[in-house]
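Notes for the one structure printed next.
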Protein chains: 2
Amino acid sequence: MNIGALAKRTGLTNSRIRFYERAGLLQTVDRRANGYRTYPPEAVLVLELITTAQQAGFSLDEIRKLLPPGLDRWDHATLIEALRRKVADIEALETRLKRSKAQLVALLADIEAKPDDIDCATNARRVLSHVLGDKIGSEEMLIGDGGLLAKTTRRRTVRAG
Amino acid sequence: MNIGALAKRTGLTNSRIRFYERAGLLQTVDRRANGYRTYPPEAVLVLELITTAQQAGFSLDEIRKLLPPGLDRWDHATLIEALRRKVADIEALETRLKRSKAQLVALLADIEAKPDDIDCATNARRVLSHVLGDKIGSEEMLIGDGGLLAKTTRRRTVRAG
DNA sequence: CGTAACCTTTGAGTTAAGTTTAAGGTCAAG
DNA sequence: CTTGACCTTAAACTTAACTCAAAGGTTACG
């Protein structure tokens, strides 16, 4: 199978497949006499594994460390470890999301609860003091990155290579 | 207030504050005769608003569009719209997270359910077919970025400016 | 033989949110 | 009058996961 065919099979771009090879993720590749890459059918599986793992939140770096052997011969213990860690990561993120959402919802309620007899500026100050109040009040709030991810704007320029 | 003092008050770095100004997020700044920036006390509030919004998942771009007027005089309707959208974003992400987590947990169970009388390679094939099976089986699976975020590896190089 | 559709490589560009560096002014204290 | 802490700018660097462009070789078809 040539790279173009593999790309069509997997829905990935040629450049992305080459990139994965360069990144050490796709080793099931050979060269024909003319220099063309040629792939065995399992390459489709490997690429699908990679994208599936990505969707589950694994970075390419993590995937590389888990994928290396020959599709069989996996490091059982390491793999399970990684999966468990990733589940824990997801749970942590879920917690953060829940908190952020609650804050936003509270903020919405607060803004809309404007008594209607006070002016906008006064309402703004009132809301503002609620939003920042809790934070400013506590001498030292718990540190931690926070920062949910603003991935609403994903690039994902879809265009075949 | 000089930039250093503001940085200390907010816990941000000098460079980050300058960056926010360059990005059009922090307009409450003046210059002394010597070129030094000087800030009014409200600058602390503005910066705290910015980081709070960031933690709620807003990108700097989104924040810029919501922040512009003079701390009061907010665009009520636009703001509420944005907040609602962000809540919806969070909910969508929560859904995706739930699905991914379920998949991972299922995968874990699958791996550990190895009958112990079959060899590792066979088990690997068995598990692999489960992981990819659903996907391969369906002619055309629902499209959509997926890609949870692998932000386990956050850079956040902590070093004062 | 031409040309279109493949394939190759290298190297640079993209995005977000900053940080780092280099080179240099300013200011307060001793 | 020098030292150290502070401030200034512009420009380059960082990370992840790719994409895009340029310049060129290969192959199948008519």
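Residue numbering restarts at 1 for every chain, and letters A, B, ... go by the order of the sequence lines. What you see below is based on every heavy atom in this structure, not just the backbone, and it leaves out hydrogens, waters and symmetry mates. Just so we're clear, the structure is a prediction, and the values are computed from it rather than from any experiment.
From B:L66, atom CG reaches atom CD1 of B:I80 across 11.5 Å, with rounding to the nearest 0.5 Å. Atom CD1 in A:I3 sits 5.0 Å away from atom CG in A:N14 (nearest 0.5 Å). Taking CG from B:L25 and CG from B:L47, the interatomic distance works out to 9.5 Å, rounded to the nearest 0.5 Å. In this structure, the separation between CG on B:L93 and OG on A:S100 is 10.5 Å, given to the nearest 0.5 Å. Annotation: the span from A:R96 atom CZ to B:I90 atom CD1 amounts to 10.5 Å, rounded to 0.5 Å.
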Would you list the protein and nucleotides 27-29 of chain D atom pairs, both N or O, that sit under 3.5 Å from each other?
{"from": "D:dT27", "atom 1": "OP1", "to": "A:N34", "atom 2": "ND2", "distance (Å)": "2.8"}

Using a cutoff of under 3.5 Å, can you pull out all pairs of nitrogen or oxygen atoms linking the protein to nucleotides 10-12 of chain C, with atom names and distances?
none

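We find that CZ of A:F58 is positioned 17 Å from C1' of D:dA17, with the value rounded to whole Å. Protein atom CG of B:L25 is 9 Å distant from nucleotide atom P of C:dG18, rounded to whole Å. Computed from coordinates, the B:D61 CG to C:dA17 C1' distance equals 11 Å when rounded to whole Å. Atom CZ of B:R32 and atom C1' of C:dA28 are 13 Å apart (whole Å). As rounded to whole Å, 9 Å separates atom C1' of D:dC7 from atom CG of B:N14. For B:E62 and C:dT15, the CD to C1' distance is 14 Å, given to the nearest whole Å. Between A:Y20 atom OH and D:dA17 atom P there is a gap of 8 Å when expressed in whole angstrom units. Atom CD1 in B:I63 sits roughly 13 Å away from atom P in C:dA16 (whole-Å rounding).
Checking the phosphate oxygens (OP1, OP2) of D:dC18, no side-chain nitrogen or oxygen of A:T13 falls inside 4.0 Å. Regarding contacts with the backbone of D:dT8, a side-chain N or O of B:R37 is found under 4.0 angstrom from either OP1 or OP2. Residue B:R18 has a polar side-chain atom (N or O) positioned under 4.0 Å from OP1 or OP2 of D:dT8.
By the side-chain hydrogen bond (donor to acceptor under 3.5 Å, both in side chains) test, B:R32 pairs with B:N2, sequence neighbours left out. Applying the salt bridge (charged side-chain N to carboxylate O under 4.0 Å, His left out) rule to B:R37 yields the partners B:E21; only residues at least two apart in sequence or on another chain are considered. Take B:D30 and apply the side chain to side chain contact (heavy atoms under 4.5 Å, CB included) test, not counting sequence neighbours, and it matches B:T38. In this view, A:Y39 satisfies the side-chain hydrogen bond (donor to acceptor under 3.5 Å, both in side chains) rule with no residue, not counting sequence neighbours. Considering only residues two or more places apart in sequence or on other chains, B:T28 meets the side-chain hydrogen bond (donor to acceptor under 3.5 Å, both in side chains) condition with none of them. Remark: B:E91 engages A:K101, B:V87, B:E94 in a side chain to side chain contact (heavy atoms under 4.5 Å, CB included) (not counting sequence neighbours). Listed by chain and residue number, nothing satisfies the salt bridge (charged side-chain N to carboxylate O under 4.0 Å, His left out) test with B:R9 (two or more places apart in sequence, or in another chain).
Contacts of residues 1-10 of chain A with DNA chain C (heavy atom under 4.0 Å): A:N2, A:I3, A:G4.
A salt bridge does not link A:R85 to A:D89: none of the charged nitrogens lies less than 4.0 Å from a carboxylate oxygen.
For the helix from C:dC1-D:dG30 to C:dG30-D:dC1, the rotation axes defined at the first and last 5 base pairs enclose an angle of 30°, given to the nearest 10°.
Nearest nucleotide to the A:F19 side chain, out of D:dA17, C:dA17, D:dT8: D:dA17. Here the nucleotide nearest the side chain of B:S15, chosen from D:dT8, C:dT19, C:dA17, is C:dT19. The side chain of B:R16 has C:dG18 as its nearest neighbour among D:dT8, C:dG18, D:dT19. Nearest nucleotide to the A:R31 side chain, out of C:dT8, D:dT8, D:dC18: C:dT8.
In terms of position along DNA chain D, the nucleotide closest to B:G35 lies nearer the 5' end than the nucleotide closest to the other residue of the pair B:G35 and A:I17.
Connection of A:Y36 to A:F19 is not established within any shared hydrophobic cluster, with ILVMFWY side chains joined at heavy-atom distances below 4.5 Å, either directly or through further cluster members.
With contacts defined as side-chain heavy-atom distances shorter than 4.5 Å, the pair B:K86/B:F58 qualifies.
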